[in-house]
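These notes concern the structure reproduced below.
In what follows, every chain begins at residue 1, and chains take the letters A, B, ... in the order their sequences are listed. Since the model is a prediction, treat every value here as computed from it, not as a measurement. Excluded from the calculations below are hydrogen atoms, water molecules and symmetry mates; all remaining heavy atoms, backbone and side chain alike, are included.
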There are 2 protein chains.
Amino acid sequence: MSGRRDPEGRRRSIVDAACRLIAEVGVGGLTHRLVAARAGVPLGATTYYFKTLDDLGEAALEYAAQASAEELDAWEQALRAGTDVPKTLASLTVDYLADRPRALVETELYIAAAHRPELRPLAHVWFDGLVEILSAHASPDAARAATIFIDGALLFALTHDQPLDAAALATSLAALLNPPG
Amino acid sequence: MSGRRDPEGRRRSIVDAACRLIAEVGVGGLTHRLVAARAGVPLGATTYYFKTLDDLGEAALEYAAQASAEELDAWEQALRAGTDVPKTLASLTVDYLADRPRALVETELYIAAAHRPELRPLAHVWFDGLVEILSAHASPDAARAATIFIDGALLFALTHDQPLDAAALATSLAALLNPPG
DNA sequence: CAAGATTATGTACATTTGTACATGTACATC
DNA sequence: GATGTACATGTACAAATGTACATAATCTTG
């Protein structure tokens, strides 16, 4: 098995290593050698699979966006199954923010998209996806507001040891999802 | 005047150039030569005033944090003077988010603080300052929630051409500042 | 099994980088 | 005005970097 070739798996392991590295050094901190070392492949491998370093970083962000999309499926099901939408959403958010590397990569994706418009679709995967899911339980405006709040909680989590507790999140999300009418 | 020395002014112009550059290339994209060129000083100047490149980046973020603190004073006065807190806050936020370079630097500061805990106090200047100001008009929890929302709006603004309109902001901020019950 | 295509990897090289430092210049203090 | 101190800057250099590429190993196809 060890001598067997697996180009797709190899490429994936490189992208995966790059994605994990982004959480540590940022997109701008990536280097061919760093990624190659983390992935356990020689330098030539990363330059063979990616014509340029930017392509590699882009692929890593795309990989992260795809992971976001998959997570969204779980959120949709949980929200559909649960009775209290704000409370369920708060619980999902707590778990989401507990994964610090993931939170870091998501933020890096936002910043990268801010600098390079062609990356915006990747950043919108999470945002638009969550807005759409929440739109089944609230008005579009309220769904968008709740998503924005969760992104704010993302920044909060990154800069505080103590993350937001589920109760506070639920209160805020309830207020946003059910505006006084 | 041109031949006159002004070490403090010189240092400030270097830091200012670095700060503006952060909005373009990120903290990690700073180089001595880049900053020197932007500030219009020779390479030796940046290495003379800052022992290391990290020090230079740190000084630039500190500079940005200080600008945040100054802006907060204006916010406090506007909120004290206005009659409708959410509406006034929404208006301030719209102006704040319209300054894209500033928004980029603020986000870079958040990420930098996420990676290097010693920078957290700088990131907290804006966050804690705004929470404190808002605490004069709402409960501490509500003030924190509103601040988190505004930070979320920061990320939204960075990744969308069309920023959030004041009306939508006011609605969400009102819901957060005046929780039902 | 032959031969062509794909995958793999070590090495080389021009650039860019951070930083050190020698040298020079303006300033203050006496 | 002498002289020590802070400011200023050009240059040098080792280290790191992106990328190209020659060569080899493996797979596929006939």
Side-chain angles (χ1 to χ4, degrees), chain A residues 1-63 108 111-112 115-116 118-119, chain B residues 1-63 108 111-112 115-116 118-119:
Chain A
M1 300 296 160
S2 70
R4 190 133 195 102
R5 279 188 171 174
D6 179 15
E8 286 185 29
R10 190 152 237 254
R11 190 191 145 101
R12 175 195 311 274
S13 76
I14 290 173
V15 170
D16 184 74
C19 193
R20 274 178 293 137
L21 272 172
I22 286 177
E24 299 176 25
V25 298
V27 192
L30 290 183
T31 68
H32 278 300
R33 287 166 179 83
L34 201 57
V35 175
R38 177 62 60 93
V41 301
L43 170 61
T46 68
T47 65
Y48 172 75
Y49 279 96
F50 300 94
K51 191 147 281 300
T52 179
L53 183 63
D54 269 352
D55 288 344
L56 175 50
E58 207 163 317
L61 291 176
E62 197 171 339
Y63 182 75
E108 287 282 342
I111 286 214
H115 283 105
R116 297 162 60 184
E118 73 268 21
L119 295 181
Chain B
M1 300 290 164
S2 70
R4 191 131 193 99
R5 281 188 169 174
D6 179 16
E8 287 185 31
R10 191 153 238 255
R11 189 191 144 100
R12 177 195 309 273
S13 75
I14 290 173
V15 171
D16 184 75
C19 194
R20 274 177 293 137
L21 272 172
I22 287 177
E24 300 176 24
V25 299
V27 193
L30 290 184
T31 68
H32 278 300
R33 288 165 179 85
L34 200 58
V35 176
R38 177 63 60 93
V41 300
L43 170 61
T46 69
T47 67
Y48 173 74
Y49 279 97
F50 301 93
K51 191 147 279 301
T52 178
L53 183 62
D54 269 351
D55 289 343
L56 175 49
E58 208 163 315
L61 291 176
E62 198 171 339
Y63 182 75
E108 287 283 342
I111 285 214
H115 283 106
R116 296 162 59 184
E118 72 268 22
L119 295 181

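Under 4.0 angstrom from either OP1 or OP2 of C/dT7 there lies at least one side-chain N or O belonging to A/Tyr48.
Residue contacts for A/Thr31: at a heavy-atom cut-off of 4.0 Å it reaches the sugar-phosphate backbone alone, with no base atom in range. At the heavy-atom level, A/Leu30 lies under 4.0 Å from the strands shown only through sugar-phosphate atoms. Within the 4.0 angstrom heavy-atom criterion, base atoms lie near A/Arg33.
Side-chain contact check for A/Val15 versus A/Phe50: some heavy-atom pair is nearer than 4.5 Å. A heavy-atom distance below 4.5 Å is not found between the side chains of B/Val27 and B/Arg116.
As rounded to whole Å, 10 Å separates atom P of D/dT19 from atom NZ of A/Lys51. Note: CG (A/Asp6) to C1' (D/dT26) measures 14 Å, nearest angstrom. Atom P of nucleotide D/dT17 and atom CG of A/Asp54 are separated by 16 Å, given to the nearest angstrom. Atom-to-atom, CD1 of A/Ile14 to C1' of C/dT9 comes out at 12 Å; the value is rounded to the nearest Å.
Mapping B/Pro42 and B/Pro7 onto DNA chain D by nearest heavy atom places B/Pro7 at the nucleotide closer to the 5' end. In terms of position on DNA chain C, the residue among A/Leu43 and A/Tyr49 whose nearest nucleotide sits closer to the 5' end is A/Tyr49.
Side-chain to base pairing of A/Arg5 with D/dA25: one donor and one acceptor N or O lie within less than 3.5 Å of each other.
Panel note: side chain A/Thr52, backbone A/Asp55; no donor-acceptor pair is recorded below 3.5 Å.
Between the side chains of B/His32 and B/Thr47, no donor N or O sits under 3.5 Å from an acceptor N or O.
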